[in-house]
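I have placed the structure first, in the form of structure tokens, so that the comments after it can refer back to it.
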Amino acid sequence: MRFFASCARGLEYLLADELVALGAGRATAAVAGVNVDGDIACAYRAVLWSRLASRVQWPLADFECPDADALYRAVAAIDWPQHLAADGTLAVDAHVSSQTLRHGGFAAQRVKDAVVDTLRTAEGVRPSVDTDDPDLRLHLLVRRGRGVLSVDLGGGSLHRRGWRRAQGAAPLKETLACAVLARGDWPALYQAGGALLDPMCGSGTLPIEAALIAADVAPGLLRHGDAPPTRWRGFDAPLWSRLCEDARSRDRRAELPPRFHGFDNDPDAIAAATTNAAAAGLGHALRFEHAAIDRLRAPAPGRGLVVCNPPYDERLAAVPALYRALGDALRTAVPAWRAAILCGSEALAFATGLRANRRYALYNGPLPVVLIVCDPVDPPARADDRPLGEGAQMVANRLRKNERHLASWRRREGVSCYRVYDADLPEYAAAIDVYTEDAAPERRFLHVQEYRAPREIPEADAQRRLRELLAAAREVFEVPREQVAVKTRERGKGGARYGRFERRGEFIHVREGRARLRVNLFEHLDTGLFLDHRPTRLRIGELARGGRFLNLFGYTGAASVHAALGGAARTATVDLSRTYLEWAAANLADNGVAGAAHTLVQADALAWVEADRGSYDLVFCDPPTYSSSARTRADFDVQAQHARLLRAAMARIAPGGLLLFSNNYRRFRLDPELADEFQLLETTAGSIPPDFVRSPRIHRLWEIRSR
């Protein structure tokens, strides 16, 4: 079966790894959750053991849901006496995104009506609603005309662990606290003998969750005790009891050493933390002390982990001075420790003065936050830590401005690979792209592509400016030299051209929407992923559902991956390069969509599509401006041959199908005769993402349909 585990945004990949460790056959990150392939025992283990999931939803029905009446009929068709007693209690949560169902409360009411009417008809008694502690909690999701109705196996939000007796003004959710600890690699540090310190501990969430992780305590045991988490009639109580018995045998709270320390300037917070620690059975292992941040001291010898959730919302009136004081205190007290600090914004993270090795965009409820991981807190000075010169500082200021401008868009859209600079300052002529690795620990890479300098600029000046730009980029993004790929132009006969590239054999994986894609930043001029086509690829994923997709000049197959993940019945990827097709095969395999339904063809795309007799609902054609091949002894020129190419591709389009045609030749002119044969609509403006607005001519895009 496939079930769904929801979580706060930003925790999806951590949760996917956790669920695989709990026995999932496969766990794929989605928006605010993870799709899991696993049996019911795996789902129960997620309820019992997951430290990151908010809910675990086991599907009862998947159905077409064009409107409220169809929703009612589909729910009423379920055999409800198998799931709920007629005199039982019920609660329904709903999330809807539909043209006809726009209000979650109304959709939940229709589900409740269908359940109640069915049971009343069958048994003459109707269940009642209990939103706090129902026998059966249901969850409805409606999206793109389909509905999924699921049982909430945990009976409610899993962030409630059962130990919280007191809390402060803005308590941190336990699930987010565990994400902070995971990103700080706390389990490994504890096993190595490390201690934990929270200099602003509040009601103790971070130290308590750290101790529960160290003691191998299942969160579900504290939350539910011996009772099943739900009274759903389909719940396997004996299986749950066996899992709980195993979890109790692993509990090591009594053996925990006193390596967990919390400080806070508020005596009421210290009292709350002490009460909560006792409720969690950890009073002997946790030490809380009333102390101001400027009196912070190392609580234990050796190394350890600092975790902290300093105030940042409007109620607590955070100021940069507090973050600066925190950074200063940590550098003085624990300079060699690792730190994982949850900051309210990039600006507040910068105010700490700490150099982050990694950054993560997370959400604390509705609030976007930034988690920085510093290891160590105060690293030794490096040779390239010299203050930036005037020119480099000017570039750094522009990079920070661009980062702030793009931040809300990137968080909203989940963009982790993007262009942050494109010759914004003409004398510093280069493009800088950021690639965030989809791995733990997460790393950021920079891809810097130098543009050709005017002939009147001396070579020495051009090289100096490039060095200044690189120094600024490394400082702003806090990446080491080995994570910066630089493509420089060399002057010589025939004009300037790019020099030799590094041969490192290094691929990294990055995330784009649902797709996990390989890029190689160092060995080629192009990385394997054209970032300007991000919106088009995402749209292909939406358009391809249930259809046949053809990717001409397929490159590394990113568009084919999106189509397959979007539900395409089959895909075909055509490219002349064996290297790119092997790359495409790896991308498909990495996303679990390889197989007979997704074919790869090594061929000249124009010759192949003219000979093909297949039929396709969606075609993406993004040819190069010019290419030549010794293998086929044929050259391709997009301006000269695009009409022939498009006519051949349109001959393969099924009725009602769509061809997306793009190219990046700046002087391209579409053959006017094509307008007499096909419906043409240029959609270039809408296909340029926000990070490429300075380069509106980066590509052109048309939608082409049969007349």
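Note: hydrogens, waters and symmetry copies are ignored here, and every other heavy atom, side chains too, is used.
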Measuring only between side-chain heavy atoms, which start at C-beta, is Val116 closer than 4.5 Å to Pro127?
yes
Any carboxylate oxygen within less than 4.0 angstrom of a Lys/Arg side-chain nitrogen, looking at Arg55 and Asp152?
yes
Would you say the side-chain atoms of Asn276 pair up with the backbone N or O of Thr205, donor to acceptor, closer than 3.5 Å?
no
Interatomic distance, Leu90 atom CG to Arg137 atom CZ [nearest 0.5 angstrom]
9.5 Å
SG of Cys42 to CG of Asp37, rounded to nearest 0.5 Å, is 9.5 Å
Sidechain-backbone polar pair: Arg287 side chain, His284 backbone, donor-acceptor under 3.5 Å
yes
Using modelled atom types only, decide if a donor and an acceptor are shared between the side chain of Asp130 and the backbone of Asp133 within a distance under 3.5 Å.
yes
Quick one: do Leu296 and Leu197 satisfy side chain to side chain contact (heavy atoms under 4.5 Å, CB included)? Show the steps, please.
CA-CA 10 Å; Leu296 188 68; Leu197 164 65; 4.2 Å; yes
Atom pair CG (Leu206) and CZ (Phe260), whose distance is rounded to the nearest 0.5 Å:
12.5 Å
Reported CG-to-CZ distance for the pair Asp438 and Arg516, which is rounded to 0.5 angstrom
4.5 Å
Return yes if some donor-acceptor pair links the side-chain N/O of Arg161 with the main-chain N/O of Leu222 below 3.5 Å, else return no.
no
Identify the two heavy atoms, one from Arg165 and one from Thr275, that lie closest to each other, and give their separation to 0.1 Å.
CB-CG2, 3.8 Å
Note, Ile270 side chain near Asp264 side chain (heavy atom, < 4.5 Å):
yes
Side-chain heavy-atom pair Leu48, Leu221 within 4.5 angstrom cut-off
yes
Determine whether more than 12 heavy atoms belonging to other residues, nucleotides or ligands lie under 6.0 Å from atom NE2 of His290.
yes
For Phe288 versus Ala277, what's the shortest heavy-atom pair and its separation?
CE1-CB, 3.8 Å
When you measure from the side chain of Glu12 to the backbone N and O of Gly10, does any donor-acceptor pair fall under 3.5 Å?
yes
Taking every non-hydrogen atom, the tightest pair across Ser150 and Pro59
OG-CA, 3.5 Å
pair Thr230-Trp240: side-chain heavy atoms closer than 4.5 Å
no
CD of Glu245: more than 12 outside heavy atoms within 6.0 angstrom?
no
Are any non-hydrogen side-chain atoms of Ile40 and Phe3 less than 4.5 angstrom apart?
no
Donor-acceptor contacts under 3.5 Å from residues 166-183 side chains, at least two apart:
from   : atom 1 : to     : atom 2 : distance (Å)
Glu174 : OE2    : Arg164 : NE     : 3.3
Glu174 : OE2    : Arg164 : NH2    : 3.2

Evaluate the side chain to side chain contact (heavy atoms under 4.5 Å, CB included) criterion for residues Leu326 and Leu322: first the C-alpha distance (whole Å), next the side-chain angles of each, then the deciding distance (0.1 Å), finally the verdict.
CA-CA 6 Å; Leu326 172 63; Leu322 176 63; 5.9 Å; no
Any luck finding a side-chain donor-acceptor pair between Thr436 and Glu442 under 3.5 Å?
no
Report the C-alpha separation of His139 and Phe4 in whole Å, then their side-chain angles, then the decisive distance to 0.1 Å, and conclude whether the side chain to side chain contact (heavy atoms under 4.5 Å, CB included) test is met.
CA-CA 11 Å; His139 179 269; Phe4 185 75; over 6 Å; no
Checking the side chain of Arg223 only, and the main-chain atoms of Arg160 only, is there a donor and an acceptor separated by less than 3.5 Å?
yes
Might you confirm whether atom CZ of Arg248 has over 12 heavy atoms from other residues, nucleotides or ligands at distances under 6.0 Å?
yes
Are Leu212 and Trp163 close enough that some pair of their side-chain heavy atoms sits under 4.5 Å apart?
yes
Between Arg120 and Asp113, does any side-chain N to carboxylate O distance fall below 4.0 Å?
no
Side-chain (Arg253) to main-chain (Leu282) donor-acceptor, under 3.5 angstrom
no
To check you understand the geometry: which heavy-atom pair defines the closest contact between Val510 and Cys417, and what is its length?
CB-SG, 3.5 Å
With no hydrogens and no angle check, is any side-chain donor or acceptor of Gln57 less than 3.5 Å from a backbone partner on Ser6?
no
Inspect the contact between Arg45 and Asp246 and indicate whether a charged nitrogen and a carboxylate oxygen are less than 4.0 angstrom apart.
no
Parallel under 30°, tilted from 30 to 60°, perpendicular over 60°: which one fits the rings of Tyr44 and Phe235?
parallel
What is the distance from atom CG of Leu84 to atom OG1 of Thr118, rounded to the nearest 0.5 Å?
11.0 Å
Quick one: do Glu289 and Arg297 make a salt bridge, cutoff under 4.0 Å?
yes
Any heavy-atom pair between the side chains of Arg295 and Phe263 that's under 4.5 Å?
no
Could you walk me through whether Phe63 and Leu149 pass the side chain to side chain contact (heavy atoms under 4.5 Å, CB included) test, one step at a time?
CA-CA 9 Å; Phe63 47 88; Leu149 186 66; 4.2 Å; yes
If we ignore hydrogens and angles and just use 3.5 Å, is the side chain of Arg514 paired with the main-chain N or O of Arg511 as donor and acceptor?
no
If we only count heavy atoms from C-beta on, is the Trp80 to Arg233 side-chain gap below 4.5 Å?
no
Any Lys/Arg nitrogen of Arg146 or Glu64 sitting under 4.0 Å from an Asp/Glu carboxylate oxygen of the other?
yes
In this structure, CG of Leu140 is separated from CG of Leu60 (nearest 0.5 Å) by 11.5 Å
Charged N to carboxylate O below 4.0 Å: is that the case for Asp216 and Arg250?
yes
Can you tell whether the side chains of Glu478 and Arg355 come within less than 4.0 Å, N to carboxylate O?
no
State whether the side chain of Trp337 and the backbone N or O of Gly302 hold a donor-acceptor pair below 3.5 Å, judged by distance alone.
yes
If I compare all heavy atoms of His224 with all of Gly154, which pair ends up nearest, and what's the gap?
CE1-O, 3.6 Å
Which atom of Leu305 lies closest to which atom of Ala340, heavy atoms considered
CD1-N, 4.2 Å
